[in-house]
Amino acid sequence: MTANAARRLIQHYVDNFRRLPWRASPGNLPADPYRVWLSEVMLQQTTVATVAPRFERFVARWPTVEALAAASDEEILSGWAGLGYYARARNLIACAREVARRGGFPTTTADLRKLPGIGAYTSAAIAAIAFGERVAAVDTNVERVIARLHGLERADKAAISALALEMMPLEHPGDFVQAMMDLGATICRPRAPRCHSCPLESDCTALATGNPEAFPKRPPRAVRPHRHGLAFWIVRNGKVWLVRRPPKGLLGGMAALPGSEWSDAQPTGLQTIATVHHVFTHFSLDLHVTARGEPESHGWWQPLDRIEEAGLPTLYRKAIGAALANHDQLAV
DNA sequence: TACACGTGGGA
DNA sequence: TTCCCAAGTGT
């Protein structure tokens, strides 16, 4: 039964193969470990639609891990700007330099796992897809597919991994890994799964219950607090004063408008040029843009007509856009 | 173990 | 508008 299900799963993947820029065709191994690594890191918590063009830009600019390792921190962080989860970019830099120093990627899950930004899932994905190791890469897609297949409300990582490995064929583990993820992304979706199109329809315990969507059970979402912050608008001769944020923490290492610490309290008695609302994973923010005369911190003058070259994360890109819209009105 | 860590698109 | 959430990792 299991072997048949796996065969059907992979056949469905081959028949519906989505030609994504980082993929080798099914059956072809090994894939370029640099491309597999870069795409897997970009895809952490990020959609295929968002990643695809960015991936193309990265490999065009830095075709090899050695090229990436030779780039400056600022170049790479700017290239990452807008993708989010910037610790990934910081780890990407450290990982590229370590891999270049060693002369290539390690080839096993265990050794890949030691590199910065490569955890349990990504190490397994690279090992399976680029090096043909027979190992289960358990992301949320695989977790959901396996949980539904076996009718498990609670998804224990180790149990899921064992069940996935049990189902995995001996040949072409990378195809199986990608087939599972594709099934989760396109058929076995969190909501409104397309069970009538699923190659595992006849094997699925969750479907047999009549409510496959209920598997696995999701924890309730935590309440998201709201905060406020100030951003200082310092302009001169068509240039705006920017700073680089501290290397760790939220938006760590990224270009930014200078400003205050963020707090729970709404600022009062403030002349604001613009206020932008932005939602982070664990809180939302109103950033109030307010004029200041002189720079007080270490930073640089960024020409406003070349603002997209600054590598601004979305929060500050939005804030500057809103400030410019109002600024232009005031200046008329 | 639980929390910090971004963003944009779809329902 | 609001909520959900997408190929997780580090601490």
Side-chain angles (χ1 to χ4, degrees), chain A residues 13 18 20-23 31 35-55 77 80-92 94-95 112-130 136-145 155-157 160-161 164 174 176-186 188-193 213 216 218-227 245-254 256 262 276-285 287 311-318:
Chain A
Y13 170 64
R18 295 188 294 161
L20 297 171
W22 48 84
R23 281 200 177 149
R35 294 168 68 88
V36 174
W37 163 69
L38 181 60
S39 63
E40 289 297 341
V41 172
M42 284 187 169
L43 285 161
Q44 288 167 9
Q45 304 288 288
T46 309
T47 57
V48 166
T50 301
V51 166
R54 194 67 66 109
F55 175 84
L77 291 173
W80 196 275
L83 263 190
Y85 282 139
Y86 298 99
R88 292 184 298 169
R90 303 193 295 271
N91 287 328
L92 190 82
C95 185
L112 286 160
R113 180 76 178 75
K114 298 170 187 165
L115 292 168
I118 299 183
Y121 162 74
T122 304
S123 59
I126 297 171
I129 296 169
V138 179
D139 64 351
T140 55
N141 285 312
V142 175
E143 180 179 322
R144 186 170 58 254
V145 171
D156 173 85
K157 269 281 198 283
I160 295 286
S161 186
F176 180 79
V177 163
Q178 295 193 70
M180 288 286 272
M181 295 191 294
D182 258 35
L183 191 78
T186 62
C188 197
R189 304 177 297 191
R191 283 173 299 186
E213 199 174 299
R218 306 294 294 183
R221 188 181 63 87
V223 292
R224 198 179 348 242
H226 186 65
R227 294 185 189 158
R245 290 177 60 85
K248 295 190 183 215
L250 192 74
L251 308 179
M254 301 303 291
W262 302 341
V276 291
H277 185 72
H278 192 73
V279 180
F280 294 102
T281 305
H282 54 295
F283 67 96
S284 60
L285 177 74
L287 189 65
L312 289 160
T314 299
L315 169 66
Y316 293 107
R317 190 172 51 69
K318 277 160 57 175

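Throughout, protein chains are lettered first and strands after them, A, B, ... in sequence-line order, and every chain is numbered starting at 1.
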Rounded distance in Å - [atom1] ([X]) to [atom2] ([N]):
| X | N | atom1 | atom2 | value |
| --- | --- | --- | --- | --- |
| A/L38 | C/dG8 | CG | C1' | 16 Å |
| A/F55 | C/dA6 | CZ | P | 22 Å |
| A/L43 | B/dT7 | CG | P | 17 Å |
| A/R54 | B/dT7 | CZ | P | 10 Å |
| A/Q45 | B/dA4 | CD | P | 15 Å |
| A/R88 | B/dT7 | CZ | P | 10 Å |
| A/F283 | C/dC3 | CZ | C1' | 19 Å |
| A/W80 | B/dC5 | CH2 | C1' | 13 Å |

Once salt bridge (charged side-chain N to carboxylate O under 4.0 Å, His left out) is applied, do any residues pair with [X], and if so which ones, sequence neighbours excluded?
| X | answer |
| --- | --- |
| A/K318 | none |
| A/R54 | none |
| A/K248 | none |

Query raised in the report: When the C1' atoms of B/dT1 and C/dG10 are considered, how many whole Å apart are they?
Result: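 The answer is 13 Å between these two C1' atoms.
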**Report entry** Between B/dC5 and C/dA6 - P atom distance, rounded Å
**Finding:** 22 Å
Requested in this report: Just call it for A/V279: base, sugar-phosphate, or nothing, with non-hydrogen atoms closer than 4.0 Å on any strand.
Outcome: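 Counting heavy atoms under 4.0 Å across all strands, the contact made by A/V279 includes a base.
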Requested in this report: May I ask you to say what A/V48 touches in the nucleic acid, namely base, sugar-phosphate or nothing, with a heavy-atom cut-off under 4.0 Å?
Outcome: base
Return no unless some side-chain N or O of [X] is found under 4.0 Å from OP1 or OP2 of [N].
| X | N | answer |
| --- | --- | --- |
| A/H282 | B/dC5 | yes |
| A/Y85 | C/dA6 | no |
| A/T281 | B/dT7 | no |

Query - Counterpart residues, side-chain contact (heavy atoms from CB on, under 4.5 Å), relative to A/S39 (two or more places apart) - result: A/W22, A/L43, A/F55
Query raised in the report: With sequence neighbours excluded, what pairs up with A/T186 under the side-chain contact (heavy atoms from CB on, under 4.5 Å) test?
Result: A/R18
Between the protein and nucleotides 8-11 of chain B, are there any N/O to N/O pairs under 3.5 Å, and if so, what are the atom names and distances?
| residue | atom | partner | partner atom | Å |
| --- | --- | --- | --- | --- |
| B/dG8 | OP1 | A/T314 | OG1 | 3.4 |
| B/dG8 | OP1 | A/R317 | NH2 | 3.2 |

Query - Working for side-chain contact (heavy atoms from CB on, under 4.5 Å), residues A/E40 and A/I118 - result: CA-CA 9 Å; A/E40 289 297 341; A/I118 299 183; over 6 Å; no
Report task. Kindly write out the residues that satisfy side-chain hydrogen bond (donor to acceptor under 3.5 Å, both in side chains) with A/R88, not counting sequence neighbours, or none if the list is empty. Result -> A/T46
Query raised in the report: Can you list the residues that meet the ring pair (Phe, Tyr, Trp, His ring centres under 6.0 Å) rule with A/Y85, with sequence neighbours excluded?
Result: none
Are any protein N/O atoms closer than 3.5 Å to N/O atoms in nucleotides 9-11 of chain C? If there are, list each pair with its distance.
| residue | atom | partner | partner atom | Å |
| --- | --- | --- | --- | --- |
| C/dT9 | OP1 | A/G119 | N | 2.8 |
| C/dT9 | OP1 | A/T122 | N | 2.9 |
| C/dT9 | OP1 | A/T122 | OG1 | 2.8 |
| C/dT9 | OP2 | A/A120 | N | 3.3 |
| C/dT9 | OP2 | A/Y121 | N | 3.2 |
| C/dG10 | OP1 | A/G117 | N | 2.4 |

Requested in this report: Taking atom types as modelled, find out whether A/Y316 and A/R245 have a side-chain donor-acceptor pair closer than 3.5 angstrom.
Outcome: yes
